[in-house]
Visitor: 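I have a structure I would like to understand better, so I am pasting it below and will then ask my questions one at a time.
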Amino acid sequence: MLSIDLTGKRALVAGVADDAGFGFAIAKAMAEAGATVCVGTWPPALNIFLNLLERGKIDEARRMPDGSLLTFERVYPLDAAYDALADVPEEIRTNKRYKEVGDFTVEGLRQRLLADFGDPCLDIVVHSLANGPEVKRPLLETSRGGYLTAVSVSAYSLVSIVSRLAPLMHPGGAVLSLTYMAGERVVPGYGGGMSSAKAALESDTRTLAYEAGRKYAIRVNTISAGPLASRAASAIGNIERMVDYYAANSPIPEPLSAREVGTVGAFLGSRLASGITGTTIYVDKGYHSMGMAVSGVEGL
Ligand SMILES: NC(=O)c1ccc[n+]([C@@H]2O[C@H](COP(=O)([O-])OP(=O)(O)OC[C@H]3O[C@@H](n4cnc5c(N)ncnc54)[C@H](O)[C@@H]3O)[C@@H](O)[C@H]2O)c1
């Protein structure tokens with residue numbers, strides 16, 4: 001039987017702080033396929049996440065098919081807005097959520113992985129994080145600072161992560177990120193430069209696939225997911241309406257589950273996908289292929 005087999009592989013999933021988002025679902029699917037999984041968690045969310053884990057609050061979501069609980073080999077602090085400690089402003093470094101956790105930068109993550117597991121130590125790297133402080137503002141009303149933060153945290157972070165972690169990856173490894181169709185088509189309400197960040201992420205996926213493919217023999221892809229009411233998406237404000245709109249207007253007229261993205265993530269991380277790189281894969285119930293809304297149209 002052909003099955004996704006990640007036995008003996010180690011994945012790092014950056015952008016997990018609860019059980020509701022795509023990062024968690026990808027981590028779980030990869031673990032179900034046999035991988036060991038480390039996660040990177042944003043320092044302001046780290047204690048809350050560790051509490052959820054310790055107090056059994058997300059045990060139901062962690063339950064594996066064999067009855068055991070999904071466990072993370074490591075939970076690393078990671079603020080992907082910073083490449084190295086020298087770049088971090090004083091007020092962040094001394095902030096109470098940051099000062100106790102050690103080096104939370106991308107370079108800090110690289111060094112911790114090296115110290116914990118040696119080199120090479122990774123097979124799969126998942127980038128499942130984004131932040132646009134002005135996401136509720138139309139692009140016309142977005143400040144330079146808000147725009148640049150969105151692009152820095154949500155797109156350059158992938159470049160930073162690949163440039164620092166690809167050298168730790170085994171040849172044949174895979175990098176994966178999450179994008180959204182607003183990078184190529186207009187989605188009102190997805191503002192603050194987040195659409196620009198996703199456009200950059202998709203373009204960088206192609207260039208990084210070429211450069212890291214040639215240099216490290218790894219693959220780089222991005223999943224363009226449909227809407228999901230994750231914690232990050234709830235910040236947009238109208239996520240439930242988007243979920244309903246997609247469900248009403250997609251070729252498969254039902255809401256997308258995080259699990260459906262998780263299993264595609266596990267596939268893309270596996271050798272079954274060894275021929276796929278530099279690609280945006282849509283996991284959105286087919287919504288991206290529609291040219292016209294169905295809802296409200298008589299007879300359809
Ligand atoms: N939810 C959707 O509708 C949707 C649709 C398409 C794509 N996506 C993308 O999926 C990815 C994961 O988002 P999600 O919706 O699953 O929500 P999520 O809340 O589960 O994940 C976002 C994570 O990013 C983390 N984060 C924010 N700023 C960070 C920083 N500076 N450094 C490190 N981590 C940081 C948050 O703590 C959070 O854990 C994002 O790239 C998002 O744009 C989401």
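Hydrogens, waters and symmetry mates play no part in the numbers below; they use all other heavy atoms, side chains included. Source: prediction; values computed, not measured. Atoms within each ligand, like the ligands themselves, are counted from 1 in listed order.
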Visitor: Name the closest protein heavy atom to atom 42 (C) of ligand 1, giving the residue it belongs to and the distance to 0.1 Å.
Guide: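 Checked against all protein heavy atoms, atom 42 (C) of ligand 1 sits closest to Lys198 NZ, 3.8 Å.
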Visitor: Taking N or O atoms only and a 3.5 Å limit, does Asp18 qualify as a polar contact for ligand 1?
Guide: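 Between Asp18 and ligand 1, no N or O pair is found under 3.5 Å apart.
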Visitor: Could you tell me whether Arg231 atom CZ has more than 12 heavy atoms of other residues or ligands within 6.0 Å of it?
Guide: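 No - once you tally the heavy atoms of other residues, nucleotides and ligands closer than 6.0 Å, there are 12 at most.
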Visitor: Enter the distance from Ile48:CD1 to Leu53:CG here, rounded to the nearest 0.5 Å.
Guide: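 Going from the CD1 atom of Ile48 to the CG atom of Leu53 covers 12.0 Å.
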Visitor: Are any of the N/O atoms on Leu228, whether in the backbone or the side chain, positioned under 3.5 angstrom from an N/O atom of ligand 1?
Guide: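 So ligand 1 has an N or O lying under 3.5 Å from an N or O of Leu228.
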Visitor: At a 4.0 Å threshold, what atoms of ligand 1 neighbour a non-hydrogen atom of Gly226?
Guide: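 Per the distance check, 3 (O), 5 (C).
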Visitor: Heavy-atom contacts with Gly15 under 4.0 Å: which atoms of ligand 1 show up? List them by number with element.
Guide: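 Going through ligand 1 atom by atom, the ones under 4.0 Å from Gly15 are 21 (O), 23 (C), 39 (O).
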Visitor: To the nearest 0.5 Å, tell me how far Thr41 OG1 sits from Asp79 CG.
Guide: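 Between Thr41 OG1 and Asp79 CG, I get 11.5 Å after rounding to 0.5 Å.
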Visitor: Is there a path of hydrophobic side-chain contacts, each under 4.5 Å between heavy atoms of I/L/V/M/F/W/Y residues, joining Met194 to Val187?
Guide: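 Yes: a chain of side-chain contacts under 4.5 Å links Val187 to Met194.
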Visitor: Is there a path from Val175 to Leu268 through hydrophobic residues (I, L, V, M, F, W, Y) whose side chains come within less than 4.5 Å of each other?
Guide: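 No, because Val175 and Leu268 fall into different hydrophobic clusters, even though each may have its own neighbours under 4.5 Å.
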Visitor: Which residue owns the protein heavy atom closest to atom 30 (C) of ligand 1, what's the atom, and how far is it?
Guide: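 Residue, atom and distance for the closest contact: Trp42 CD1, 3.3 Å.
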Visitor: Please confirm whether the backbone N or O of Leu70 pairs with a side-chain atom of Arg62, one donor and one acceptor, at under 3.5 Å?
Guide: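 At least one qualifying donor-acceptor pair exists.
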Visitor: Identify, for atom 9 (C) of ligand 1, the protein heavy atom at the shortest distance, and state residue, atom and that distance.
Guide: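 So the nearest neighbour among protein heavy atoms is Leu178 CB, 3.6 Å.
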Visitor: Would you call the rings of Tyr282 and His288 parallel, tilted or perpendicular, taking 30° and 60° as the class edges?
Guide: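 Parallel, since the angle between the ring planes stays under 30°.
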Visitor: For ligand 1, which atoms sit closer than 4.0 Å to a heavy atom of Leu78?
Guide: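 In order of numbering, the contacting atoms are 32 (N), 33 (C).
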Visitor: Show your working on side-chain hydrogen bond (donor to acceptor under 3.5 Å, both in side chains) between Tyr76 and Asp116 and close with a plain yes or no.
Guide: CA-CA 11 Å; Tyr76 294 116; Asp116 289 349; 2.7 Å; yes
Visitor: Which protein non-hydrogen atom lies closest to atom 25 (C) of ligand 1, naming both residue and atom, and how far is it?
Guide: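 Nearest neighbour among protein heavy atoms for atom 25 (C) of ligand 1, to 0.1 Å: Leu129 CB, 4.0 Å.
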Visitor: Considering both backbone and side-chain atoms of Gly23, is one of its nitrogen or oxygen atoms within less than 3.5 Å of a nitrogen or oxygen in ligand 1?
Guide: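 Such a contact does not occur with ligand 1.
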Visitor: What atoms of ligand 1 come within less than 4.0 Å of a heavy atom belonging to Ala17?
Guide: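 Near Ala17, meaning under 4.0 Å from one of its heavy atoms, ligand 1 has 39 (O).
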Visitor: Evaluate the criterion side-chain hydrogen bond (donor to acceptor under 3.5 Å, both in side chains) for residue pair Thr105 and Asp103; output intermediate values, then yes/no.
Guide: CA-CA 6 Å; Thr105 67; Asp103 189 343; 2.7 Å; yes
Visitor: Return the closest protein heavy atom for atom 18 (P) of ligand 1 as residue, atom name and distance.
Guide: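 Closest protein heavy atom to atom 18 (P) of ligand 1: Ala232 CB, 3.9 Å.
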Visitor: Select the closest option to atom 23 (C) of ligand 1 among Gly183, Ser128, Ala197, Ala229, judged by heavy-atom distance.
Guide: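 Residue with the shortest heavy-atom distance to the ligand atom: Ser128.
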Visitor: Can you tell me if Thr179 uses its side chain to pair, donor with acceptor, with the backbone of Ser224 under 3.5 Å?
Guide: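 Side chain of Thr179 to backbone of Ser224: no pair is present.
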Visitor: Could you find the nearest protein heavy atom to atom 44 (C) of ligand 1 and give me its residue, atom name and distance?
Guide: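 Protein heavy atom with the smallest distance to atom 44 (C) of ligand 1: Phe22 CE1, 3.6 Å.
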Visitor: Checking the side chain of Lys136 only, and the main-chain atoms of Gly192 only, is there a donor and an acceptor separated by less than 3.5 Å?
Guide: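 Checking the backbone N and O of Gly192 against the side chain of Lys136, no donor-acceptor pair under 3.5 Å is found.
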Visitor: In terms of atom number and element, which parts of ligand 1 are under 4.0 angstrom from non-hydrogen atoms of Thr179?
Guide: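 Result: 6 (C), 7 (C).
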Visitor: Around atom 14 (P) of ligand 1, find the nearest protein heavy atom and jot down its residue, atom name and distance.
Guide: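 So the nearest neighbour among protein heavy atoms is Ser230 OG, 3.3 Å.
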Visitor: Say whether Pro227, considering both its backbone and side-chain N or O atoms, lies within less than 3.5 Å of an N or O atom on ligand 1.
Guide: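 Among all N and O atoms of Pro227, none is under 3.5 Å from an N or O of ligand 1.
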Visitor: Would you call Ile124 and Arg10 a side-chain contact if the rule is heavy atoms closer than 4.5 Å?
Guide: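 SC-SC contact between Ile124 and Arg10 ruled out.
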Visitor: Run the numbers for me: atoms of ligand 1, each under 4.0 Å from some heavy atom of Asp79, listed by number.
Guide: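 In order of numbering, the contacting atoms are 30 (C), 31 (N), 32 (N).
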Visitor: Of the non-hydrogen atoms in Ala197 and Ala155, which two are nearest, and what is the gap between them?
Guide: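 Residues Ala197 and Ala155, closest heavy atoms: O-CB, 3.5 Å.
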Visitor: For ligand 1, indicate whether the residue Met194 contacts it via side chain, backbone, both or neither (heavy-atom separation under 4.0 Å).
Guide: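 Within the 4.0 Å criterion, Met194 makes no contact with ligand 1.
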Visitor: For ligand 1, which part of Asn131 has a heavy atom less than 4.0 Å away: the side chain, the backbone, both, or neither?
Guide: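 Just the side chain.
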Visitor: So is there a nitrogen or oxygen of Ala80 less than 3.5 Å from a nitrogen or oxygen in ligand 1?
Guide: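 By distance alone, the answer is yes.
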Visitor: Out of all atoms in ligand 1, which are within 4.0 Å of some heavy atom of Gly21? Include the element for each.
Guide: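 By the 4.0 Å cutoff, the relevant atoms are 16 (O), 20 (O).
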Visitor: With hydrophobic residues grouped by side-chain heavy-atom distances under 4.5 Å, do Leu113 and Tyr82 end up in a single group?
Guide: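 No, separate clusters.
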Visitor: Provide, to 0.1 Å, the distance between atom 27 (C) of ligand 1 and the closest protein heavy atom, together with that atom's residue and name.
Guide: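 Here the closest protein heavy atom is Ala130 O, 3.5 Å.
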